Trainee: 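Handing you a structure now.
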There are 4 protein chains.
Amino acid sequence: MSPATLPKPSEPRWRRRAEARPEEILEAALEEFGARGFEAARMEDIAKRAGLSKAAIYLYFQSKVALLEALIEAKVGPLAQTAQMIASAGSADPLNALRTLATAAAFRLNDPALLAVPRLVIGISGRFPEIATYYREHVVEKARGALEALIEGAMAKGQIRRADKNAIVRAFIGPLFFEAMWTHVLGGETALHDPQKLIKQQFDVLLSGLELRA
Amino acid sequence: MSPATLPKPSEPRWRRRAEARPEEILEAALEEFGARGFEAARMEDIAKRAGLSKAAIYLYFQSKVALLEALIEAKVGPLAQTAQMIASAGSADPLNALRTLATAAAFRLNDPALLAVPRLVIGISGRFPEIATYYREHVVEKARGALEALIEGAMAKGQIRRADKNAIVRAFIGPLFFEAMWTHVLGGETALHDPQKLIKQQFDVLLSGLELRA
Amino acid sequence: MSPATLPKPSEPRWRRRAEARPEEILEAALEEFGARGFEAARMEDIAKRAGLSKAAIYLYFQSKVALLEALIEAKVGPLAQTAQMIASAGSADPLNALRTLATAAAFRLNDPALLAVPRLVIGISGRFPEIATYYREHVVEKARGALEALIEGAMAKGQIRRADKNAIVRAFIGPLFFEAMWTHVLGGETALHDPQKLIKQQFDVLLSGLELRA
Amino acid sequence: MSPATLPKPSEPRWRRRAEARPEEILEAALEEFGARGFEAARMEDIAKRAGLSKAAIYLYFQSKVALLEALIEAKVGPLAQTAQMIASAGSADPLNALRTLATAAAFRLNDPALLAVPRLVIGISGRFPEIATYYREHVVEKARGALEALIEGAMAKGQIRRADKNAIVRAFIGPLFFEAMWTHVLGGETALHDPQKLIKQQFDVLLSGLELRA
DNA sequence: CATGAATGAGGCTTCATTCAT
DNA sequence: TATGAATGAAGCCTCATTCAT
């Protein structure tokens with residue numbers, strides 16, 4: 001049989017899957033790492049979940065740790081970008097942007113998969129401090145920055161009174177973070193099933209203290 | 001020689017070590033588990049740190065998991081009691097009690113060892129959900145209860161205005177928890193080195209929203 | 001080069017070993033278990049004897065106990081079949097079949113490897129009664145049944161007089177079993193080096209009591 | 001309380017136990033070794049069963065193997081003596097003595113404890129061939145000798161016809177041994193619950209072939 | 001004589017990683 | 001690129017044995 005009869009040898013079908021492999025593996029890794037923790041997760045299970053053999057993972061990642069690092073990196077990028085966008089998008093009505101943002105966050109925190117990364121990072125922070133630091137710098141710090149920008153804007157526009165920005169950021173992130181941990185990590189019942197109400201309550205308590213008084 | 005000068009034979013010196021062993025082991029376990037995570041920690045290292053042989057640990061704890069459970073249990077008791085005490089102690093001036101409590105908490109959060117347990121719990125929550133739940137029920141829920149009692153008191157006494165208690169509790173715990181994670185887990189610089197100021201800021205932001213308005 | 005000279009690609013050479021592995025391991029296990037007993041045998045020695053690494057055994061058998069069970073099972077099948085065959089083969093002249101069978105058994109009992117399984121089973125019977133029972137049901141009971149059939153046939157054909165079948169079977173198996181233990185387990189000198197004579201003696205003593213009298 | 005009121009201080013009560021200790025330990029060892037096999041039996045369990053501490057066993061026996069050896073030795077003596085007695089006691093009517101002896105044996109084989117030693121010996125024969133040999137020489141060989149003497153007597157007195165003594169002995173011991181293994185080791189149902197009948201059957205089958213013919 | 005405490009040595013088992021195909 | 005097979009290193013746990021009292 002002559003090669004000419006073969007369909008596009010320059011771009012065979014099986015290539016398509018192969019090109020998607022790294023992402024599939026990362027996805028599988030996230031699920032396994034998230035569910036069992038880094039140490040307890042087995043490469044074999046990740047492979048099975050990604051639909052290939054244990055050995056094949058090593059064609060794409062040098063080691064288990066490398067896989068972990070790639071995973072964090074992959075998950076970090078989009079978040080950072082999102083943060084960036086948010087900050088700039090809210091220049092017109094920063095206070096409202098904050099509220100929208102918080103509501104969106106509350107909704108997304110309902111997705112256990114989203115917490116998998118932070119939980120994972122916390123879990124490995126002892127053994128891989130650099131990864132924890134990386135995550136902080138590229139995610140938490142970015143988010144903090146974006147929030148601060150919004151808050152700064154709100155203060156500049158007179159939407160809220162002046163106060164320590166650091167404290168305000170904490171007051172925004174902290175409760176959400178805590179509720180998320182409480183719910184998805186510790187298994188508690190939660191206000192998260194009604195994110196809208198959750199945020200309303202939080203803003204009710206929080207923002208009223210920051211409103212301008214007559 | 002008068003019998004009175006003899007050390008009580010019912011409590012011989014050599015026993016002392018043996019009786020203290022479980023605690024010594026738990027302490028060592030906390031340090032190793034805390035530093036490396038449950039899976040990565042090696043029984044041998046725990047033993048070495050506790051000053052005995054690997055096998056000796058098994059005289060006191062049935063298995064690595066049993067050791068983990070005992071550790072959580074041991075660390076939980078005192079915290080729960082503390083919470084109880086606080087709640088009742090603050091009946092006279094609940095708002096002030098809250099402030100004092102927050103300051104104390106901020107001080108203690110500076111001790112990395114204190115965060116070791118929550119961090120550990122978060123890390124293993126995937127593999128041992130029952131332990132995570134146990135921790136929530138016996139520590140976080142208790143703390144939440146104690147706080148709610150204080151807040152309820154403050155509202156009853158007219159020290160702060162009425163608002164959703166759940167939200168208020170979150171607003172208290174969340175920022176501190178977040179700051180602690182930020183600092184000791186993710187390795188960030190922090191406002192925690194000046195707990196007094198940290199709390200002042202937080203209360204400034206938070207409580208002003210809860211103050212009674214004319 | 002003609003395709004015909006190529007080794008079938010569907011059965012590559014390197015596969016051969018892998019497919020034979022379980023049997024090789026079982027063989028090695030039999031030797032080690034037989035020589036030292038189940039508990040004293042070390043997986044590492046079995047592996048070495050089978051020509052692979054300790055860990056490789058676990059690719060084929062879940063645990064040491066599973067290996068033991070597989071071993072018994074593997075050794076049981078053929079025996080049971082043999083018994084079946086014998087029973088049916090002797091329908092023409094049962095008494096003669098008995099004699100032939102006994103001789104064959106006496107010959108085979110000379111092979112120490114053959115006794116390894118029963119000896120092993122006896123050794124572990126305390127810890128694994130189910131295995132002992134399994135062995136009895138699938139081997140000894142089958143053999144007993146086959147013998148009884150022969151004896152029944154011999155009685156029906158008037159070759160021997162009627163007597164308690166159970167007792168006769170015992171009288172056949174018992175002495176051989178005893179001699180085998182005596183020789184290969186207890187290390188005694190034996191009549192087994194002359195199986196022919198051994199059987200002649202046994203039949204002389206035994207069958208003369210079962211002959212029909214005038 | 002004056003010493004006078006104490007019973008015989010020169011022979012304190014606790015001494016009595018101490019003097020019996022070795023035997024108690026051996027008894028406990030027999031039960032544990034018998035139930036689990038030598039390797040699987042734990043010194044601690046033996047100690048517990050004997051009512052003392054693990055360490056105390058080492059006051060009486062140098063090691064686990066030494067304990068095993070002492071156990072075999074202790075169990076061997078009486079049996080050998082019994083055999084001796086039997087042989088001489090049966091000089092008047094050897095055939096009847098044989099019958100009596102077989103019945104007694106059948107009764108005793110009902111006691112699982114009695115089989116514990118042979119089973120144990122078979123189990124360890126691979127690892128401790130000397131012990132197996134020792135057992136054969138001191139027990140089985142003695143028994144064989146005693147039986148042979150009886151049989152010789154019976155032949156001399158014309159109670160049974162002449163035949164190969166070795167074969168006759170096997171024909172006596174074998175079936176009983178087999179039935180005992182079948183029952184107490186392999187867990188089979190058995191004719192042993194009616195020893196009297198068992199022996200009657202066996203002798204019916206066996207001795208009729210040895211009777212003198214007209 | 002007796003024991004609670006302790007340990008060194010060793011076995012089973014797992015798993016990340018490599019290799020031959 | 002893909003994988004079934006294989007392994008070395010390591011960890012948990014057990015247990016016979018010793019020691020200090």
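These numbers were taken from a predicted model, which means no experiment stands behind them. Quick note on labels: first sequence line is chain A, next is B, and so on, each numbered from 1.
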Trainee: How many Å lie between CZ on C:F38 and P on E:dG11, as a whole number?
Mentor: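 Spelled out: CZ on C:F38 to P on E:dG11 is 14 Å.
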Trainee: Just call it for B:L52: base, sugar-phosphate, or nothing, with non-hydrogen atoms closer than 4.0 Å on any strand.
Mentor: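 Sugar-phosphate: the residue B:L52, judged by heavy atoms under 4.0 Å, touches backbone atoms but no base.
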Trainee: Should B:Y135 and B:V117 count as side-chain neighbours, where that means a heavy-atom distance under 4.5 Å?
Mentor: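 Yes - at least one pair of side-chain heavy atoms lies under 4.5 Å apart.
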Trainee: Which nucleotide sits closest to the side chain of C:A55: E:dC15, E:dG4, F:dT17?
Mentor: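 Looking only at side-chain atoms, C:A55 lies closest to E:dC15.
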Trainee: What stems involve DNA chain F, if each pair must be Watson-Crick or G-U and both of its distances must be under 3.5 Å, with 3 or more such pairs in a row?
Mentor: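 Correct response: E:2-21 with F:2-21.
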Trainee: Which residue in the set A:L59, A:L52, A:I57 passes side chain to side chain contact (heavy atoms under 4.5 Å, CB included) when paired with A:R21?
Mentor: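 In the set A:L59, A:L52, A:I57, the residue that makes a side chain to side chain contact (heavy atoms under 4.5 Å, CB included) with A:R21 is A:L52.
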Trainee: Side chain to side chain contact (heavy atoms under 4.5 Å, CB included) with B:L67: which of B:Y60, B:F61, B:Y58?
Mentor: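 Result: among B:Y60, B:F61, B:Y58, B:F61 is the only option passing the side chain to side chain contact (heavy atoms under 4.5 Å, CB included) with B:L67.
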Trainee: Quick one, A:F33 and A:R119 - any side-chain contact, counting heavy atoms below 4.5 Å?
Mentor: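 Counting from C-beta outward, A:F33 and A:R119 never come under 4.5 Å.
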Trainee: Strictly under 6.0 Å, is that where the ring centroids of D:Y134 and D:F128 end up?
Mentor: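 Here the rings of D:F128 and D:Y134 have centres that are no less than 6.0 Å from each other.
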Trainee: Taking for each residue the nucleotide of DNA chain E with the nearest heavy atom, is it C:Q62 or A:S63 whose nucleotide lies nearer the 5' end?
Mentor: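 Closer to the 5' end of DNA chain E: C:Q62.
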Trainee: Report yes if a side-chain nitrogen or oxygen of A:Y58 is closer than 4.0 Å to either non-bridging phosphate oxygen (OP1 or OP2) of F:dT3; otherwise report no.
Mentor: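 It does not, given that no N or O in the side chain of A:Y58 lies less than 4.0 Å from OP1 or OP2 of F:dT3.
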Trainee: What is the distance, to the nearest angstrom, from the NZ atom on C:K48 to the P atom on E:dG11?
Mentor: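 Rounded to whole Å, this separation is 10 Å.
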Trainee: Between B:K64 and B:F38 (side chain of the first, backbone of the second, donor and acceptor by atom type, cut-off under 3.5 Å), is there such a pair?
Mentor: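 At least one qualifying donor-acceptor pair exists.
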Trainee: Whole-Å distance between E:dT13 C1' and C:I25 CD1?
Mentor: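 Going from C:I25 (CD1) to E:dT13 (C1'), I get 15 Å.
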Trainee: Take the protein atom CZ of A:F61 and the nucleotide atom P of E:dA16, then report the distance between them rounded to whole Å.
Mentor: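 Taking atom P of E:dA16 as the reference, CZ of A:F61 is at 15 Å.
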Trainee: Are any side-chain N or O atoms of C:K54 and backbone N or O atoms of C:R42, one a donor and one an acceptor, separated by less than 3.5 Å?
Mentor: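 Between the backbone of C:R42 and the side chain of C:K54 there is no qualifying donor-acceptor contact (under 3.5 Å).
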Trainee: Check each residue of residues 39-47 of chain D for a non-hydrogen atom within less than 4.0 Å of any atom in DNA chain F, then write out the ones that pass by number, or none.
Mentor: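 Of all residues in residues 39-47 of chain D, the ones placing a heavy atom under 4.0 Å from DNA chain F are D:A41, D:R42, D:M43.
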Trainee: Over all heavy atoms of both residues, which pair between A:R36 and B:R127 is shortest? Give the atoms and the distance, please.
Mentor: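 Looks like O-CD, 3.3 Å.
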Trainee: Between C:L67 (CG) and E:dG11 (C1'), how many Å, whole number?
Mentor: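 Between C1' of E:dG11 and CG of C:L67: 15 Å.
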Trainee: Roughly how far, to the nearest 0.5 Å, is CG of A:L26 from CG of A:L68?
Mentor: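 The distance works out to 10.5 Å.
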Trainee: Do any side-chain nitrogens or oxygens of A:Y60 fall under 4.0 Å of OP1 or OP2 in F:dA2?
Mentor: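 A:Y60 to F:dA2 OP1/OP2: side-chain N or O found under 4.0 Å.
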Trainee: Round to the nearest Å and state the distance from D:I57 atom CD1 to F:dA16 atom C1'.
Mentor: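 Nearest whole value for this atom pair: 10 Å.
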Trainee: Between B:A56 and D:L59, which residue's closest nucleotide on DNA chain E lies nearer the 5′ terminus?
Mentor: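 So the residue in question is D:L59.
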Trainee: Give a yes/no on whether any side-chain N or O of C:R21 is located under 4.0 angstrom from OP1 or OP2 of F:dA6.
Mentor: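 Checking F:dA6 against C:R21, a side-chain N or O does come within under 4.0 Å of OP1 or OP2.
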Trainee: Counting only distance, no hydrogens or angles, is the base of E:dT13 paired donor-acceptor with the side chain of C:K54 under 3.5 Å?
Mentor: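 Between E:dT13 and C:K54, which were checked side chain against base, a qualifying N/O pair under 3.5 Å is present.
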